[in-house]
Amino acid sequence: MTENLWTSWPSREALSRAGVSAARRMLGRAGRLFALGMLLWTTFASSGLPAWGNVAAAAGVVLCGLLVWAFFRTTFRNRLPSSVALISLLLGLALVAYTTGLRVPALVLWCGCAVCSMERLPLAAALPVAATGLGAYAAVTNDGRLTTVVTAVGIALAGYVLRLDAEARGSALRLLAQERAARAAEAESAALAERTRIAREIHDVLAHSLSAQLVHLEAARLLIEREGDRDKILERVVAARGMAREGLAETRQALSALRGEMSPVEEFLSELVATEDGADVTISGERRPLTAETSQAVRRVAQEAMTNVRKHAPGARVHIRLEFDEHQVMLNVRDSGGSPGELTGSGAGYGLLGMRERAELLGGSLEAGPGEEGFVVTLKVPV
């Protein structure tokens with residue numbers, strides 16, 4: 001909703017001294033002290049008042065100072081009746097000063113009231129106050145008509161210019177506050193995204209490592225229940241222990257990835273197939289560095305696919321193909337199929353679902369399903 005130009009107050013930032021430089025504050029104080037000194041000098045040095053008159057004039061100066069301070073406070077709080085009443089009292093004191101022979105102080109008060117009203121009051125109230133003060137000034141000044149009109153208009157414009165300058169400063173302060181809030185929100189969002197990424201990496205490491213251990217421990221349990229061969233049971237337990245060691249290594253790799261200390265994904269895939277019998281990897285296309293998120297997605301999908309092969313088709317041959325092109329990187333994991341393993345029904349089935357969500361977050365896709373021989377997992381991520 002657009003504010004009414006005539007009835008709206010200047011902003012609180014404009015009515016306060018917030019955002020005013022120290023040098024400008026010093027200059028303003030010096031100007032006010034100079035004006036007060038000139039006013040006091042003209043009041044007491046050239047007035048010719050008796051002693052009691054000087055005391056009354058001094059009291060009047062103090063009263064004017066208090067009224068000005070109160071006027072600034074009430075305008076800052078947007079209290080229109082109180083502000084108009086205070087500025088009216090100042091105009092009345094100027095008239096009293098003029099009738100007692102204090103002509104210069106009266107002129108200063110009338111002009112000052114006009115400037116302050118234009119600067120701090122809504123225009124609907126400021127214009128009548130300024131017109132009253134400048135009208136009184138024009139009525140008693142000894143200057144020519146043209147000079148008087150030009151001076152009065154200049155004083156009114158000076159007050160309005162001060163108002164515009166204060167509003168511009170207030171707008172700048174509001175924009176600065178909004179920018180700081182936006183930066184704080186951006187930093188908070190970035191921190192939240194980083195925490196989410198860390199949580200996802202830790203989850204993926206634990207899910208892969210524990211799932212691989214579960215494969216061997218579950219097989220050992222089945223062998224024990226069936227009173228299987230002791231050597232086979234020991235083999236499964238030893239394999240589970242190996243998976244635990246691999247999990248620790250993967251955890252270290254994940255932490256290194258979070259710190260930006262990550263080996264090339266091609267090297268990782270080569271190490272992955274080196275520990276598997278009947279697995280190989282092919283890399284094609286122009287190799288290029290990948291972002292941490294893309295590299296981690298490729299690694300996790302490859303690990304999850306290998307775990308699924310161990311679980312659902314033990315002993316099957318696995319071929320991993322990593323292909324780079326101009327716009328994306330593609331990972332294809334294909335197994336030759338085989339007899340279902342003892343642990344085919346174990347697990348909740350959320351591994352590939354999590355990998356698909358990770359790929360979609362990066363703007364890519366993941367497809368998994370039966371192939372010509374076995375099972376095929378294909379990941380495509382833009383680069």
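As a basis for the values below, the full set of heavy atoms in this structure was taken, side chains included, without hydrogen atoms, waters or symmetry mates.
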Peer 1: Check this for me: E367, atom CD, are more than 12 non-hydrogen atoms of other residues, nucleotides or ligands nearer than 6.0 Å?
Peer 2: no

Peer 1: Starting at CH2 of W110, measure out to OG1 of T132 and round the result to the nearest 0.5 Å.
Peer 2: 11.5 Å

Peer 1: Are V381 and I283 connected in the hydrophobic side-chain network, where two residues link if heavy atoms are under 4.5 Å apart?
Peer 2: yes

Peer 1: Transitively linked via ILVMFWY side-chain contacts under 4.5 Å: F268 with V377?
Peer 2: yes

Peer 1: Roughly how far, to the nearest 0.5 Å, is the CG atom of L134 from the OG1 atom of T148?
Peer 2: 11.0 Å

Peer 1: Is it the case that more than 12 heavy atoms not belonging to E225 sit under 6.0 Å from its CD atom?
Peer 2: yes

Peer 1: Is it true that atom CZ of R221 has more than 12 heavy atoms of other residues, nucleotides or ligands lying nearer than 6.0 Å?
Peer 2: yes

Peer 1: Do NZ/NE/NH1/NH2 and the carboxylate oxygens of E235 and K232 come within less than 4.0 Å?
Peer 2: no

Peer 1: Can a donor-acceptor pair be found, under 3.5 Å and without considering hydrogens, that links the side chain of R287 to the backbone of F324?
Peer 2: no

Peer 1: Determine whether the side chains of S171 and R174 contain a donor N or O and an acceptor N or O closer than 3.5 Å.
Peer 2: yes

Peer 1: Determine the minimum heavy-atom distance between R103 and V140, stating which atoms define it.
Peer 2: NH2-O, 3.4 Å

Peer 1: What's the separation between atom CG in L162 and atom CG in L157, rounded to the nearest 0.5 Å?
Peer 2: 11.0 Å

Peer 1: Would you say T141's side chain and Y137's backbone share a donor-acceptor pair under 3.5 angstrom?
Peer 2: no

Peer 1: Using links of under 4.5 Å between side-chain heavy atoms of ILVMFWY residues, direct or through other members, which residues join V150 in one cluster?
Peer 2: L146

Peer 1: Between atom CD of E119 and atom CG of D165, what is the distance when rounded to the nearest 0.5 Å?
Peer 2: 8.5 Å

Peer 1: Just by distance, do the side chain of R79 and the backbone of R73 share a donor-acceptor pair under 3.5 Å?
Peer 2: no

Peer 1: Determine whether V96 and L107 fall in the same hydrophobic cluster, where Ile, Leu, Val, Met, Phe, Trp and Tyr are linked whenever their side-chain heavy atoms lie under 4.5 Å apart.
Peer 2: no

Peer 1: Compare all side-chain heavy atoms of T291 with those of L362 and state whether any distance is below 4.5 angstrom.
Peer 2: no

Peer 1: Between V376 and M306, is there a shared hydrophobic cluster once you connect ILVMFWY residues whose side-chain heavy atoms come closer than 4.5 Å?
Peer 2: no

Peer 1: Between T282 and H319, is the side chain to side chain contact (heavy atoms under 4.5 Å, CB included) condition met? List the steps.
Peer 2: CA-CA 8 Å; T282 301; H319 178 68; 2.9 Å; yes

Peer 1: Looking only at heavy atoms, what is the nearest atom pair of L90 and C113, with distance?
Peer 2: CB-SG, 3.5 Å

Peer 1: Can any side-chain N or O of R321 pair as donor or acceptor with the backbone N or O of M330 at less than 3.5 Å?
Peer 2: no

Peer 1: Give me the atom names and distance for the closest heavy-atom approach of L109 to L93.
Peer 2: CD1-C, 4.4 Å

Peer 1: Looking only at non-hydrogen atoms, find the nearest pair between L272 and Q303 and report the distance.
Peer 2: CD2-N, 4.2 Å

Peer 1: Can you establish whether the number of heavy atoms outside R317 located under 6.0 Å from its atom CZ is more than 12?
Peer 2: no

Peer 1: Is a salt bridge present between E179 and R183, judged by a nitrogen-to-oxygen distance below 4.0 Å?
Peer 2: yes

Peer 1: What's the separation between atom CZ in R300 and atom OG in S295, rounded to the nearest 0.5 Å?
Peer 2: 9.5 Å

Peer 1: Could you tell me which non-hydrogen atom of V84 sits nearest to which non-hydrogen atom of A125, and how far apart they are?
Peer 2: CG2-CB, 4.4 Å

Peer 1: Does CZ in R288 sit with more than 12 non-hydrogen atoms of other residues, nucleotides or ligands closer than 6.0 Å?
Peer 2: yes

Peer 1: Are V273 and D280 close enough that some pair of their side-chain heavy atoms sits under 4.5 Å apart?
Peer 2: no

Peer 1: Can you get from L80 to L86 by hopping between Ile, Leu, Val, Met, Phe, Trp and Tyr side chains that sit under 4.5 Å apart?
Peer 2: yes

Peer 1: Mind checking whether L123 and Y160 have side chains closer than 4.5 Å, heavy atoms only?
Peer 2: yes

Peer 1: Nearest 0.5 Å please: distance from the OG atom of S82 over to the CD1 atom of I87.
Peer 2: 13.0 Å

Peer 1: I'd like to check L91 versus V129 (side-chain heavy atoms, cut-off strictly below 4.5 Å). Are they in contact?
Peer 2: yes

Peer 1: Just wondering, more than 12 heavy atoms not from E326 lying within 6.0 Å of its CD?
Peer 2: no

Peer 1: Looking at A297 and L379, what are the two nearest heavy atoms and their distance?
Peer 2: O-CD2, 3.9 Å

